[in-house]
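To start, the structure under review is shown below, and the notes come after it.
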Amino acid sequence: MNIFELYLDKIKSIIIDLNKKGELIIPETLNGINSEIPPAKFDSDISTNVAMVLSKLNKKPPLDLAEKISPIIKENDPLIESITIVKPGFINIKFKPIFWSNFIKEIILNAKTFGINEKEKKLNYLVEFVSANPTGPLHVGHCRGAILGDVISNVLLFNNHKVTKEYYVNDYGNQIINFTKSVYFRIREVKYNETFPSENPDLYPGDYLIDFANNIITSNKDLNFDKYEDISEKLTALSIEQALLLIKKNLKSLGIKHDSFVSEKNIVQNKEVENVINFLESNNFVYKGKIKAPEGEDNKNWVEREQLLFKSSDFGDDKDRALQKSDGTWTYFASDVAYHKNKVDRKFDYLINILGADHAGYIKRISSSVDALSGTKNKLICKISQLVKLIKDNQPFKMSKRKGDYITVDDLIDEVGKDATRFIMLNRSSDVELDFDFDAVKEKSKDNPLYYVQYCYARISSVFRHLEKDLDKDINIDNYNFEYSADEIKILKKISEWPKCIDLASSKLEPHRIPIFLYELAAEFHSYWNLGKQFPEKRFINDQKNISQDKLVFLKAISNVIKSGMDIVGVLSPSKM
């Protein structure tokens with residue numbers, strides 16, 4: 001039950017009726033009209049801007065239109081207690097207490113669907129995230145984007161969309177050659193006690209490669225490791241296999257499982273790059289030309305040469321992009337265009353890419369290519385996962401992937417746990433940097449958002465446990481004609497925002513709204529719980545060790561929303577803490 005959508009529909013129906021009577025002019029689309037949460041200083045439940053939207057078209061002040069529309073809204077709804085008009089023309093609606101009794105009955109009886117936007121068209125999404133090079137374990141730099149992609153997928157799935165979670169394996173190119181050579185030298189180190197050439201800057205020095213080497217030696221006893229050239233192809237496949245096993249283990253420890261893994265090497269070997277170039281040529285999207293040096297490049301060392309270029313500037317990019325290198329091989333961008341053609345051909349409604357902060361400059365060119373490949377503008381949606389600043393003992397903790405002394409995902413989870421990692425990484429909008437304080441996420445206080453929300457659920461569980469009731473089971477109530485106090489209605493008003501939270505998180509792909517909402521709901525609950533220390537009538541369990549029906553339903557409604565939100569975020573709702 002989305003009360004904001006419910007009343008928006010009622011308001012739209014009223015102005016359409018007034019228009020038919022010739023008393024009001026309305027625009028062709030009513031999309032500009034909304035029903036929102038009014039500021040806390042107003043004693044109201046819902047606010048609408050309808051009078052301001054219609055003002056210019058009707059050539060009347062918003063306040064005059066609000067005076068005309070407000071009485072009609074009230075007389076058509078016996079659940080409205082009062083309507084006030086606030087400058088410059090907002091119509092604020094306050095409900096009678098019986099409204100909230102009806103509301104809680106509705107959400108208890110429809111607990112499994114509460115929050116889902118039933119009216120929204122259901123779409124098919126491909127969400128590509130992580131896609132780290134298969135050269136080693138996932139580190140904290142990958143962690144935020146991994147959780148962002150996973151929870152975006154979860155929100156869309158909760159809202160009954162179809163979602164495929166995908167990982168693009170960059171298993172082709174120079175970094176894979178260097179990675180395979182690194183594994184080879186580690187094998188030589190393990191098998192023949194040779195010294196690893198750590199002075200070579202192209203090699204990966206991490207100790208995890210020793211584990212890869214041991215695993216490969218053990219599983220391939222017949223393989224001759226004397227000459228790199230003789231086994232390079234086989235060793236590349238074995239090395240990538242080891243890296244992917246580790247990456248999947250890291251993802252599993254984060255609570256993440258992808259539906260598909262797509263290999264860049266397969267795309268190249270299947271001639272998909274050549275095929276997409278042919279497609280672009282046949283549609284006149286490529287040409288031979290020269291491009292200027294990239295910004296920040298030393299122009300003295302830049303040689304302008306004729307290259308095969310994609311007309312990305314025709315689709316909103318700031319310049320055209322090279323598809324082929326001077327040696328005739330394809331650029332990374334060309335492989336990426338082929339991969340996105342592969343995506344487009346699978347007929348998803350939308351493609352979502354989760355990109356790290358270092359790939360922000362890549363968005364325009366890849367979005368341009370998808371526009372060209374699909375013939376549909378804005379089919380690709382890119383979300384940036386900004387940097388995470390690690391703080392330990394009040395000091396910045398830095399990492400370096402090349403040196404091998406970085407913090408891995410497993411290190412982080414060992415330190416603070418999966419739940420804290422997921423919740424805190426998601427606790428701010430993904431487009432701003434995040435401070436991850438190792439010490440703060442271990443605190444048992446309201447300053448630790450995860451603890452505060454989990455403690456809310458645990459408190460409710462303790463009440464049900466004391467009453468020997470199962471919080472996970474549905475409750476049966478004969479009569480929902482309860483009268484809730486102002487303190488309780490304040491919490492019910494917060495619960496009423498849940499469908500709006502889900503709607504915005506889903507439509508805007510902003511899952512950080514969910515942990516923020518859960519924290520705010522938990523804060524309202526804890527404040528109410530603490531009132532019981534001063535006012536015995538506010539306690540959930542009375543002196544006879546019983547609970548009233550209204551409070552039982554009240555607690556169940558709160559717990560349902562907390563559990564639903566925590567499931568989307570991918571963290572536990574513990575019954576004890």
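These numbers come from a predicted model, not from an experiment. Every heavy atom of this structure was used, including side-chain atoms; hydrogens, water molecules and symmetry mates were not.
P134 places a side-chain heavy atom less than 4.5 Å from the side chain of I176. Side-chain atoms of L223 and L238, non-hydrogen and from C-beta on, do get closer than 4.5 Å to each other. Between F212 and R186, every side-chain heavy-atom pair lies at or beyond the 4.5 Å cut-off.
Scanning for ring pair (Phe, Tyr, Trp, His ring centres under 6.0 Å) contacts around Y184 gives Y228, with sequence neighbours left out.
With hydrogens and angles left out, the side-chain atoms of D320 and S313 include a donor and acceptor closer than 3.5 Å. A donor atom on one side chain and an acceptor atom on the other are not found under 3.5 Å apart for S239 and T180. Inspection of the N215 and Q242 side chains reveals an N or O donor paired with an N or O acceptor under 3.5 Å. With hydrogens and angles left out, the side-chain atoms of D226 and Y192 include a donor and acceptor closer than 3.5 Å. Using modelled atom types and a 3.5 Å distance limit, the side chains of S368 and D371 yield no donor-acceptor pair. Looking only at atom types and distance, the side chain of N250 has a donor-acceptor partner in the side chain of D410 under 3.5 Å away. Side-chain atoms of Y519 and N427 form no donor-acceptor pair, as typed in the model, at a separation below 3.5 Å. No side-chain donor-acceptor contact under 3.5 Å links N117 and K500. Of the N and O atoms on the side chains of N159 and E120, at least one donor lies less than 3.5 Å from an acceptor on the other residue.
Taking a cutoff of 4.0 Å between a charged side-chain nitrogen and a carboxylate oxygen, E128 and K165 do not qualify as a salt bridge. K343 and E166 are not joined by a salt bridge, as no carboxylate oxygen comes within less than 4.0 angstrom of a charged side-chain nitrogen. Salt bridge annotation for D318-R321: present, with a cationic side-chain nitrogen under 4.0 angstrom from a carboxylate oxygen. Remark: E433 does not engage R428 in a salt bridge, criterion side-chain N to carboxylate O under 4.0 Å.
For Y455, the OH atom counts as loosely surrounded, since its 6.0 Å shell holds 12 or fewer non-hydrogen atoms of other residues, nucleotides or ligands. The environment of K249 atom NZ is sparse: at most 12 non-hydrogen atoms of other residues, nucleotides or ligands sit within 6.0 angstrom.
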request  = Evaluate side-chain hydrogen bond (donor to acceptor under 3.5 Å, both in side chains) for N342 paired with E272, printing each intermediate quantity in order.
outcome  = CA-CA 8 Å; N342 180 293; E272 291 186 46; 3.2 Å; yes
task = Take D150 and R422, measure what salt bridge (charged side-chain N to carboxylate O under 4.0 Å, His left out) needs, and give me the verdict at the end.
result = CA-CA 10 Å; D150 193 50; R422 287 184 70 105; 2.7 Å; yes
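Heavy-atom minimum distance, S369 versus V337: CB-CG2, 3.9 Å. Closest approach of T331 and A322 over heavy atoms only: OG1-O, 3.1 Å.
With ring centers used as reference points, Y339 lies under 6.0 Å from Y168.
The cationic group of K446 does not satisfy the cation-pi geometry with Y451, failing either the under 6.0 Å distance to the six-membered ring centre or the 45° limit from the ring axis.
A distance of 11.5 Å separates CD in E520 from OH in Y452, rounded to the nearest 0.5 Å.
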